[in-house]
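Read through the structure below, which is laid out as structure tokens, and then see the notes.
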Number of protein chains: 2
Amino acid sequence: MVQKGYGGTSISDIAQVVGMTKAGLYHHIAGKQDLLFQILQHAHDEMERLVIEPAKQVGDPERRLIEITRRHVRGILDGGLEFTLLYRERHHLDDAQQETIALRTRAYLALVGATLQELAMEGKLRDLDIQIGTIHLLKTISGIADWYPMFSEIDEDHLVEQTVNFGLSAILKR
Amino acid sequence: MVQKGYGGTSISDIAQVVGMTKAGLYHHIAGKQDLLFQILQHAHDEMERLVIEPAKQVGDPERRLIEITRRHVRGILDGGLEFTLLYRERHHLDDAQQETIALRTRAYLALVGATLQELAMEGKLRDLDIQIGTIHLLKTISGIADWYPMFSEIDEDHLVEQTVNFGLSAILKR
DNA sequence: AAAAACCTACCGATCGTTCGGAAATCTTGT
DNA sequence: ACAAGATTTCCGAACGATCGGTAGGTTTTT
């Protein structure tokens, strides 16, 4: 579904991959739409487990921002955050489900936004719009999932550090 | 198709929007797959017309980079580059079509990459991986098309300038 | 024996695509 | 200026295939 999209992936396709028939699979899921919802919930669970919770342990905002970037990129490269790519298929959900997902997404955005706010009060921030800076930073990171498969010759550690440098240079006075 | 994806958009949907039956529509297109290909070609045509060609007129690499960023963001916000979002549906094309699109995409990447190379020779560039920096910059820009509809209260001119600042700060010594 | 997991077979709906013909438009001869 | 013919545009109807989903029964596990 990550590769072919929600509409391009049939229940039969999924059943075949997990070694079942379509009817057998339906014993475990409530429907295609609900399956997408569960996957997106799982994606956010992994996001919180791998990125948000560890980052919240870091008191210093600059170190926290680095921690967020490192862990987020690392999670993408390790495949642990693979399903976050399906966020772009959220319009297939009903309104209540979309709101649930939107809330969790906004929570992550708020964490990064608050971190930038702290950095601003410490005078470390460039003269930039915090909201836009936050979104741009997160888009730079999450965008890696889109293009990295096509540039897999790039060393993973190198990409992590380059991304940290890119993001921090864009945001902090240096 | 931009909103609902390739698989989620039927020929009937398209025909209805353009005020025809699908049989009538089929007089103008060769098939759904070829329609996507034509749209992506058109997207690249617009990209060249609105961004690449004007940018190539600029000799100074720093001013050229600013020109690319401004025009690309402007094109997204004005809707002129709307169809570039369908680049993510390129896997629905056959191999030959994918290669054609990949070539044009690489050409744009090469333009930005060469500009960063010039800036490096002028000593204006940060210590960064040019390839990764190029991709991150372009992802920051093109990513706007993903999230701007949800933050439409942001002033367009403000967003353009903030994006230029974000990108240049990430890349240039300042 | 109870429950969970799974399958065969099928449902109505919709998918992309095609075909023959009807309108509508354009070109041409006079 | 206008009718005749040619072309383009569009539609109704249908095609085989596949879609998401279900009913009922069989196998496997507890």
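Because the structure is a prediction, the values reported are computed rather than measured. Lettering follows sequence order; numbering is per chain, from 1.
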Verdict with supporting geometry, B:R49 and B:E46, salt bridge (charged side-chain N to carboxylate O under 4.0 Å, His left out) | CA-CA 5 Å; B:R49 191 174 68 87; B:E46 287 297 281; 3.0 Å; yes
Does any non-hydrogen side-chain atom of B:Q117 lie less than 4.5 Å from one of B:I130?
-> yes
Phosphate contact (D:dC19 OP1 or OP2) by A:S10 side-chain N/O below 4.0 Å | yes
Separation of C:dC15 atom P from A:K4 atom NZ, nearest Å, is 18 Å
In whole angstroms, the gap separating P of D:dC19 from OH of B:Y6 amounts to 14 Å
Does any residue of residues 11-31 of chain A have a heavy atom under 4.0 Å from DNA chain D, and if so, which ones, in number order?
-> A:I11, A:K22, A:A23, A:Y26, A:G31
Quick one: sort the A:H136 and B:W147 rings into parallel, tilted or perpendicular, breaks at 30° and 60°.
-> perpendicular
Does A:R74 pair with A:D157 as a salt bridge, N-O distance under 4.0 Å?
-> yes
Among the clusters formed by ILVMFWY side chains lying less than 4.5 Å apart, do B:L103 and B:M47 turn up in the same one?
-> no
